[in-house]
Amino acid sequence: MNRLLDRFDHFLIDLDGVVYLGDQPTPCAAETFTALNDAGKRRLFITNDPRRTADGYATKLARLGIPADPAEFLTSGRAAALYVQREGKTGRPIFVVGSDGLRSEIEAVGGSVLRGSDGMTAEIVVVGGHEHFSYQELKIATLAIQRGAAFIATNRDANFPMPDGLWPGTGPIVAAIEVATGITPVVVGKPEKLIFEIALDLFPPGGRCAIVGDRLDSDILGGQRAGLATILVLSGCTTAAMVERGPIQPDYVIENFSRLTTPLS
Ligand SMILES: [Mg+2]
């Protein structure tokens, strides 16, 4: 049987738009993961959303009938924490503009997180979108960066889909700090290469790796920059017409995630 899944050893899998839409799994998602497991494929879930921790995502997938280990999730928040660790800087004082989930990812790699106005003395500022963003956080981050703190953004996503429309993502918050300081951050999440480098380090070396995602300007562009095979699903925010129009061309376009397991024509 000539199936797309047989062409690769490892899969980086985006979550929203691929595995689920909001709280609904995409068609046959659980069965597709069973087929991937049966074929001995390795997987890592990769998402730009820094609000939840890996544990939170594992719980969400379990609820959708997809058992997963927290170690199989690389959020842009965890990737930012692993980046700080890789740079040997977890001992430096860190201010986090973001959710408790992002703070706990930083603390999980041994990062020392400053709270409140102590954050002005931070040597590193890590920024991820969250619903309680405030002027106070903006001010503390701005002052710390003015005083020389490194500026790290989990991602630059402009928005994310919610039932009543597109809610502002991390990008607008990063932009506010950028405008206030005149400093450009190091960006970790898709489509930047850092999150892919960190992800590939979590697989055994040498396998054939593909990314499965629903966004051309994030999953597919990032996968191409990282030299991976790219598989676009049409179950999320991209339509076939957008692929035809766009300059970014994935290697494969499939209707939804379950098509990994059906024979190629
Ligand atoms: Mg997505």
Side-chain angles (χ1 to χ4, degrees), residues 4 10-30 32-33 36 43-54 56-58 60-61 63-64 66 68 72-80 99 101 128-130 153-172 187-196 198-199 209-226 228-243 246 248-260:
L4 195 46
H10 315 317
F11 290 90
L12 294 179
I13 302 169
D14 175 46
L15 287 167
D16 207 359
V18 178
V19 180
Y20 53 73
L21 288 166
D23 284 323
Q24 291 298 317
T26 54
C28 302
T32 306
F33 282 113
L36 284 170
R43 67 187 185 193
L44 185 70
F45 298 103
I46 179 172
T47 174
N48 267 6
D49 189 340
R51 291 170 303 163
R52 270 182 221 258
T53 60
Y57 280 111
K60 174 164 183 173
L61 285 207
R63 222 172 37 230
L64 301 178
I66 302 161
E72 295 182 298
F73 295 85
L74 184 64
T75 67
S76 63
R78 183 168 166 234
S99 65
H130 70 129
T154 57
N155 68 89
R156 276 189 190 276
D157 290 4
N159 50 48
F160 57 94
M162 288 298 277
D164 55 353
L166 298 171
W167 289 19
T170 296
V187 183
V188 177
K190 299 176 283 187
E192 302 305 325
K193 272 173 74 176
L194 270 178
I195 194 168
F196 291 93
I198 291 163
C209 185
I211 177 156
V212 188
D214 72 320
R215 283 192 90 113
L216 288 166
D217 60 1
S218 157
D219 306 307
I220 304 304
L221 177 61
Q224 289 175 345
R225 286 176 174 173
L228 304 180
T230 54
I231 303 170
L232 180 84
V233 294
L234 297 176
S235 53
C237 64
T238 305
T239 63
M242 288 160 73
V243 181
I248 302 165
Q249 292 298 315
D251 296 311
Y252 303 93
V253 179
I254 54 178
E255 181 188 353
N256 60 46
F257 184 59
S258 74
R259 293 294 183 192
L260 282 180

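As the structure lists them, so they are numbered: ligands from 1, and atoms in each ligand from 1. Atoms considered below: every heavy atom in the structure, side chains included; atoms not considered: hydrogens, waters and symmetry mates.
Judged by a 6.0 Å distance limit and a 45° cone about the ring axis, Lys60 is positioned over the six-membered ring of Tyr20. Taking the centre and axis of the six-membered ring of Phe160, the NZ or CZ atom of Arg51 falls inside the cone set by 45° and 6.0 Å.
A donor-acceptor pair is defined here as one N or O able to donate and one able to accept, closer than 3.5 Å; no such pair exists between the side chain of Lys193 and the backbone of Val188.
Screening the protein for N, O or S atoms under 2.8 Å from the Mg ion (ligand 1) yields 3; no waters enter the count.
Between the side chains of Asn256 and Ser258, at least one donor N or O lies within less than 3.5 Å of an accepting N or O. Of the N and O atoms on the side chains of Asn48 and Ser76, not one donor lies less than 3.5 Å from an acceptor on the other residue.
By the side-chain contact (heavy atoms from CB on, under 4.5 Å) test, Ala68 pairs with Arg43, Phe45, Leu61, Glu72, Phe73, sequence neighbours left out.
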